[in-house]
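We name chains A, B, ... by the order of the sequence lines, and we start the count at 1 in each one. Computed from a prediction, not measured in an experiment: that's the story for all the values here.
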There are 2 protein chains.
Amino acid sequence: MTKYSKQTRLLAAVDCIIFGFDGESLKILLIHRGFEPERGKWSLMGGFMQPDESADDASVRILKSLTGLEGVYLEQLYTFCDPQRDPIERTISIAYFALIDIHQYEKQLSDQYHPEWFPLNKIPDLIFDHVEMVRLAKEKLRYKAALHPLLFELLPKKFTLPQLQSLYEYVYDTSFDKRNFSRKVLSTRLLIKQVDKDKYTSKKGAFYYKLNAKNYKADFQAFLNIIPNPHLL
Amino acid sequence: MTKYSKQTRLLAAVDCIIFGFDGESLKILLIHRGFEPERGKWSLMGGFMQPDESADDASVRILKSLTGLEGVYLEQLYTFCDPQRDPIERTISIAYFALIDIHQYEKQLSDQYHPEWFPLNKIPDLIFDHVEMVRLAKEKLRYKAALHPLLFELLPKKFTLPQLQSLYEYVYDTSFDKRNFSRKVLSTRLLIKQVDKDKYTSKKGAFYYKLNAKNYKADFQAFLNIIPNPHLL
DNA sequence: TTTAATAGTTGTCAATTTTACAATTATTTT
DNA sequence: AAAATAATTGTAAAATTGACAACTATTAAA
C-alpha cells in the first residue's frame with residue numbers, strides 16, 4: 001500500500017528525568033550534551049527513537065546506556081511538541097521519568113557522558129525545554145507519591161523507616177511526626193520487618209524492612225493517601 | 001546549522017477521545033475513517049500534526065473540525081509509539097481526551113465524518129490501537145475524576161445535583177447515597193445555588209447550580225477525594 | 001561499672017471525617 | 001383537597017486522622 005503522501009515527517013526523541021536519593025537530598029542525573037547544538041551544556045539524557053523501537057524501548061535503552069541499570073521504574077511523563085523547541089530541526093520529545101536506587105548506580109558508573117547528580121533545588125540551566133520537563137517530572141512525582149507507594153523505588157531493597165521518612169520529607173519539603181508516619185506506613189501492609197538492624201546511623205539501630213512484593217503489586221493503584229494534601233505543602 | 005543526519009523521520013498524529021454525557025450514559029464520539037487503510041471502519045477522530053503546529057494546537061483543531069466547539073476541556077493522555085501500530089507507515093499518535101457538553105455539540109452537528117456517539121460499554125471494533133486508547137482514557141477519567149472536579153466539564157453551565165450524581169454513578173458504575181453525596185459536593189464550595197429550578201424531570205423540581213469559577217480554578221489541584229477508592233468499584 | 005546521650009518504638013485521647021439510615025418538605029396531578 | 005413524586009434536611013455511630021508524651025534499647029564517656 002502507498003505511504004501517506006503530503007504529510008510532514010519529523011524527528012522523535014526520548015528524554016529521561018532520572019531521580020535518585022542519597023539520604024541527603026533528591027537529585028536528578030544530568031549529562032554534558034555531546035553534540036551540536038548547545039554542545040557541552042547540561043541536558044537530560046536522551047536520544048532519538050530508532051526505526052524499530054517504541055518509546056518505551058528507547059527509554060529503557062537510554063537509561064541503560066547511562067546507568068547500566070535495567071528493570072527500574074520508568075514511566076511516560078508527557079510529550080513535548082512545540083514546533084520551535086529544537087532550533088535545528090523539528091523534533092518532538094517523549095519525556096520519561098525514572099526512579100533508581102542511587103547506590104546501585106554508583107557501582108556501574110558510566111563516564112561516557114560525564115554525568116552528574118544535581119539536587120532538585122540546584123538545577124543548572126538546561127538546553128531547550130528541559131527545565132520545563134524537570135519541573136513537570138517533579139510535580140508528577142509529588143502528585144503520584146502522595147497517593148501511591150512510589151518512593152520505595154528510590155531506596156535499596158532493604159531500608160529503614162527513618163530512611164523512608166526522610167525521603168518523604170525531602171520530596172514534600174516538610175516534616176512528619178515519626179509516630180504517625182510509621183503507623184501509617186505500616187498499616188498499608190506493604191512492608192515486611194526484617195530481623196536485622198541498620199546500626200550505621202544510630203546507636204540503637206533501626207530495623208530493616210523489605211517490600212511485600214505481592215501486596216505492593218496488588219495495592220499500587222489504590223489511593224493510599226500517604227500525604228493528604230500535597231498541594232498545600 | 002545543519003540538520004540531524006542519519007536519523008529516521010516519522011509521522012506524528014493526534015487522536016481525540018471525546019467524552020459526552022446525555023443523562024443516559026457516558027459516551028464517546030467515533031467517526032467513519034475516510035481514507036485508507038481501513039476506510040469506513042470506526043475510528044477515533046484524529047489527524048496528522050502540521051509543520052507549525054504543536055500537539056495541543058492539533059488537538060484543538062481536530063476537536064473543532066468535528067464538533068464546532070472551542071474552549072473545552074482537553075488533556076494530553078498518552079503517546080502511542082508501537083512501530084507496527086500503523087501498517088502503512090510508522091506513525092506515532094499523541095492521544096488527547098476531551099470532555100464536552102453533549103448538548104452543545106448537538107447544535108453544531110457536523111456531518112462531514114458521519115460521527116456517532118457510542119456508550120462506553122458498546123464500543124465497536126476500532127482501527128489500529130484505538131481500543132487501547134479508549135481503555136486508557138476511560139481509566140484516566142475514572143482516576144482523575146475521583147480526586148478532582150473534572151466531570152463538571154461534561155454538564156451544561158447550569159445543572160442539578162441529581163444530574164451530577166447520576167453522572168458520577170455512570171462513571172463509577174455504582175450508586176451513592178444522595179444525602180451524603182450532596183453534602184460532600186456542597187462542602188467543596190465549588191457550587192453556587194441558583195434561584196431557578198429544573199422542572200423537567202420531577203414535580204418538585206431540583207435547584208440549578210453553577211460552578212464557582214474562582215474556587216474551581218483554585219481548588220482543582222487539591223485532592224477532593226470525591227470518590228474514596230475508585231479502584232474497588 | 002555507671003551514667004549520659006542518642007534515637008527508635010509504643011500508647012492515648014480528642015477532633016475530624018465518613019458512613020449508614022429516616023423523616024420532612026415542596027410541587028404537580030387527579 | 002388528597003395523592004404521588006422526588007428533592008431536601010438531620011442525626012448518630014464508626015472509622016480515621018492528628019497531636020502529643022513516655023518508654024526502651026544501645027553505645028560512648030566518665
Side-chain angles (χ1 to χ4, degrees), chain A residues 23-24 146-147 149 155 158-170 172 174-210 219 222-233, chain B residues 23-24 146-147 149 155-156 158-169 172 174-210 219 222-233:
Chain A
E24 285 299 313
L147 294 164
L155 295 173
K158 273 167 44 172
F159 52 87
T160 65
L161 289 184
Q163 277 182 295
L164 184 66
Q165 179 169 350
S166 68
L167 172 53
Y168 273 93
E169 291 179 341
Y170 278 114
Y172 294 99
T174 186
S175 59
F176 301 107
D177 183 286
K178 62 182 173 180
R179 297 158 289 191
N180 294 335
F181 181 83
S182 75
R183 187 155 23 127
K184 189 163 213 170
V185 169
L186 293 174
S187 74
T188 63
R189 293 291 186 177
L190 249 46
L191 301 187
I192 303 173
K193 193 174 192 170
Q194 306 297 300
V195 291
D196 50 336
K197 281 184 168 183
D198 168 23
K199 295 277 183 65
Y200 295 100
T201 54
S202 81
K203 294 167 185 169
K204 183 182 176 184
F207 280 106
Y208 282 117
Y209 288 84
K210 280 187 181 176
D219 293 346
F223 286 172
L224 297 177
N225 283 309
I226 302 162
I227 314 298
N229 277 301
H231 71 291
L232 297 177
L233 299 176
Chain B
E24 285 298 314
L147 294 164
L155 294 173
K158 275 167 43 174
F159 53 87
T160 65
L161 289 184
Q163 277 182 294
L164 184 65
Q165 179 169 351
S166 67
L167 172 54
Y168 273 92
E169 290 179 341
Y172 294 100
T174 186
S175 59
F176 301 107
D177 184 285
K178 61 183 172 183
R179 297 159 290 192
N180 294 336
F181 182 84
S182 75
R183 186 152 23 128
K184 188 162 213 171
V185 170
L186 293 174
S187 75
T188 64
R189 294 289 185 180
L190 251 45
L191 301 187
I192 304 173
K193 194 173 191 169
Q194 306 297 299
V195 291
D196 51 336
K197 282 184 169 184
D198 168 24
K199 295 278 182 66
Y200 295 101
T201 54
S202 81
K203 294 169 183 169
K204 183 182 176 183
F207 281 106
Y208 282 117
Y209 288 84
K210 280 187 182 175
D219 293 345
F223 287 172
L224 297 177
N225 283 311
I226 302 162
I227 314 297
N229 276 302
H231 71 290
L232 297 177
L233 300 177

Y172(A) side chain to A146(A) backbone, donor-acceptor under 3.5 Å: yes

Spacing between [X] atom [atom1] and [N] atom [atom2], to the nearest angstrom:
X	N	atom1	atom2	result
N225(B)	dT16(D)	CG	P	14 Å
N180(B)	dT11(D)	CG	P	15 Å
D198(A)	dA25(D)	CG	P	19 Å
K184(A)	dA15(D)	NZ	P	18 Å
K178(A)	dG18(D)	NZ	P	19 Å
K193(B)	dT8(D)	NZ	C1'	8 Å

Heavy-atom side-chain proximity of I226(A) to T188(A) below 4.5 angstrom: no

For Y209(B), ring pair (Phe, Tyr, Trp, His ring centres under 6.0 Å) partners two or more places apart: none

Chain A contact limits on DNA chain C, taken 5' to 3' with a cut-off of 4.0 angstrom to heavy atoms: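 So the contact region on DNA chain C extends dT6(C) to dT12(C).
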
Side-chain donor/acceptor of R179(A) to base of dA19(D), under 3.5 Å: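 Not at all, since no donor on one side and acceptor on the other fall under 3.5 Å apart.
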
Touch class at under 4.0 angstrom, heavy-atom based, for K199(B) against every strand present: sugar-phosphate

